[in-house]
Participant: 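Take this structure first; my questions come after.
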Number of protein chains: 2
Amino acid sequence: MARLVYERADLLPLLGEVFREHGFEGASLAVISRRTGLGKGSLYHFFPGGKEEMAAAVLAHVDHWFETQVFRPLREEPDGRRAITAMLEATDAYFRSGRRVCVVGVFALAESRDRFAVKVASYFSAWIDALAGALGRAGHPPDDARALSEEAVGLIQGALVLARALDDPAPFARTLARLKARLVPERPAP
Amino acid sequence: MARLVYERADLLPLLGEVFREHGFEGASLAVISRRTGLGKGSLYHFFPGGKEEMAAAVLAHVDHWFETQVFRPLREEPDGRRAITAMLEATDAYFRSGRRVCVVGVFALAESRDRFAVKVASYFSAWIDALAGALGRAGHPPDDARALSEEAVGLIQGALVLARALDDPAPFARTLARLKARLVPERPAP
DNA sequence: GTCTATAGAGTGATAGAC
DNA sequence: GTCTATCACTCTATAGAC
């Protein structure tokens with residue numbers, strides 16, 4: 001029999017897409033089985049805790065990606081403007097310019113929020129904290145930086161909702177462009 | 001037998017809360033039955049089309065509320081600044097200052113988007129169109145008005161996602177305050 | 001009797017757990 | 001694959017208003 005290579009880590013991107021598209025409640029084991037090509041037995045072998053463990057692993061995987069690709073650079077890059085520009089580019093790439101929604105946002109709005117409350121909250125607060133720091137280094141006064149950061153993260157989530165609701169990625173692209181103009185203006189800072 | 005009051009219209013606010021909290025997929029008939037206090041027989045008496053008809057009726061009810069309380073005033077109030085101020089107040093009241101999410105946004109992010117695609121899209125485009133008009137009458141140049149409107153509607157949705165994700169209504173309240181400063185600045189227009 | 005609102009047992013299908 | 005619980009839904013029965 002053809003031992004098709006899988007380890008748990010290989011499954012996470014596939015599972016991520018399933019939860020992103022269907023939400024936690026809507027992602028049935030039948031769908032997960034079809035999309036991963038694995039039977040229920042294999043899925044329970046990798047994730048003994050069942051669907052909840054799969055979703056938790058996906059959230060951890062997403063969180064790790066953002067931590068290394070977005071949050072840490074935001075915190076550590078000394079040039080705040082460069083840090084923010086990189087964040088906007090990574091964000092655009094990750095959300096495929098609005099064709100992909102945020103699985104954490106999807107979980108946040110549904111019943112699943114309660115089940116994954118800690119992970120959902122920490123993802124957003126880590127993002128807001130890291131961005132506020134970079135905005136400060138980019139020259140925004142501390143109080144403005146905090147408010148602007150919260151607004152930017154909310155705006156990204158809202159643009160994803162709009163893009164999905166209107167079935168059109170353009171609102172997301174326009175929003176990122178406007179965000180860039182506000183967060184990294186041509187002249188060093190307001 | 002105890003003829004207990006209900007007509008279809010009385011059920012819509014209750015159903016709205018159930019779908020808002022649980023999403024379409026998460027709102028089981030058992031939950032709906034418990035929350036409305038009605039047995040399945042009664043529910044199917046009012047909504048022969050079942051859960052899908054209940055959700056469609058809730059979306060129509062929400063849409064009607066926004067049409068009469070938000071969109072039409074935005075279109076018809078000649079004073080753009082007054083129209084926008086009224087919209088922000090109605091929005092704050094409707095979403096209970098961030099303690100309530102948007103059922104249309106909840107549907108938009110989940111699988112249910114496809115099922116209710118037309119209603120979901122038209123809700124957001126009606127809002128953006130109406131607000132863009134009012135922003136124009138408030139003195140914003142037409143191109144800015146369109147972009148600003150899209151941004152404002154997205155920002156409201158994003159703030160609701162954040163408020164729910166962080167389990168804290170404060171981000172929504174702060175967002176509305178900042179929005180007011182940008183949409184209706186102290187001096188007539190930028 | 002007819003009509004409307006009610007309750008809930010019972011249907012097959014499908015869920016997630018194992 | 002097997003299991004049980006739960007899903008959306010159907011159907012029958014019943015109570016009261018007319």
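Keep in mind that this is a model prediction, so the values were computed, not measured. Proteins come first, then strands; the chains are lettered A, B, ... in the order of their sequence lines, and each starts at number 1.
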Participant: Parallel under 30°, tilted from 30 to 60°, perpendicular over 60°: which one fits the rings of A:Phe107 and A:Phe116?
Facilitator: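 Taking A:Phe116 first and then A:Phe107, their aromatic rings sit tilted (interplane angle of 30° to 60°).
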
Participant: Rounding to a whole Å, what distance do you find between A:Arg34:CZ and C:dA15:P?
Facilitator: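 Those two atoms, CZ and P, are 11 Å apart.
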
Participant: Does C:dC18 have its OP1 or OP2 closer than 4.0 Å to a side-chain nitrogen or oxygen of A:Tyr44?
Facilitator: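 No, no such contact exists.
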
Participant: If we ignore hydrogens and angles and just use 3.5 Å, is the side chain of A:Arg100 paired with the main-chain N or O of A:Tyr94 as donor and acceptor?
Facilitator: yes

Participant: Starting at atom NZ of A:Lys51, determine the distance to atom P of C:dC18, rounded to an integer number of angstrom.
Facilitator: 14 Å

Participant: Tell me which nucleotide among C:dT6, D:dA8, C:dC18 gets nearest to the side chain of A:Lys40.
Facilitator: C:dC18

Participant: Would you call B:Arg75 and B:Glu67 a salt bridge, using N to O less than 4.0 angstrom?
Facilitator: yes

Participant: Counting only side-chain heavy atoms from C-beta out, which of D:dC7, C:dA5, D:dA8 sits nearest to B:Phe46?
Facilitator: C:dA5

Participant: When the distance from NE2 of A:His22 to P of C:dG16 is rounded to whole Å, what number comes out?
Facilitator: 12 Å

Participant: Look at the rings of A:Phe71 and A:Phe66 and say which category their plane angle falls in: under 30° parallel, 30 to 60° tilted, over 60° perpendicular.
Facilitator: tilted

Participant: Quick one: A:Leu29 CG to C:dA17 C1', roughly how many Å, whole number?
Facilitator: 8 Å

Participant: Write down the distance between CZ (B:Arg8) and P (C:dA5), rounded to a whole number of angstrom.
Facilitator: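 One finds 12 Å between P of C:dA5 and CZ of B:Arg8, rounded.
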
Participant: Starting at CD of A:Glu111 and ending at P of C:dG16, how long is that distance when rounded to a whole Å?
Facilitator: 13 Å

Participant: Counting side-chain heavy atoms from CB outward, which of D:dC9, C:dT6, C:dA17 is closest to B:His45?
Facilitator: C:dT6

Participant: Take atom CD of A:Glu25 and atom P of C:dG16, then tell me their distance rounded to the nearest Å.
Facilitator: 10 Å

Participant: Select base, sugar-phosphate, or nothing to describe what B:Gly41 touches, counting heavy atoms under 4.0 Å on all strands.
Facilitator: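 The residue B:Gly41 makes base contact.
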
Participant: Would you mind classifying the nucleic acid contact of A:Ser28 as base, sugar-phosphate or nothing, using non-hydrogen atoms under 4.0 angstrom?
Facilitator: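 Counting heavy atoms under 4.0 Å across all strands, the contact made by A:Ser28 is with sugar-phosphate only.
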
Participant: Taking only the side-chain heavy atoms of B:Leu38 (C-beta and beyond), determine which of D:dT10, C:dA7, C:dG16 contains the nearest atom.
Facilitator: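 In terms of side-chain proximity for B:Leu38, the closest of D:dT10, C:dA7, C:dG16 is C:dA7.
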
Participant: Does the distance from a Lys or Arg side-chain N to an Asp or Glu carboxylate O, for B:Glu17 and B:Arg35, drop under 4.0 Å?
Facilitator: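 The answer is no: the pair does not qualify as a salt bridge.
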
Participant: For B:Ile32 and D:dT6, what is the distance between atoms CD1 and C1' respectively, to the nearest whole Å?
Facilitator: 14 Å

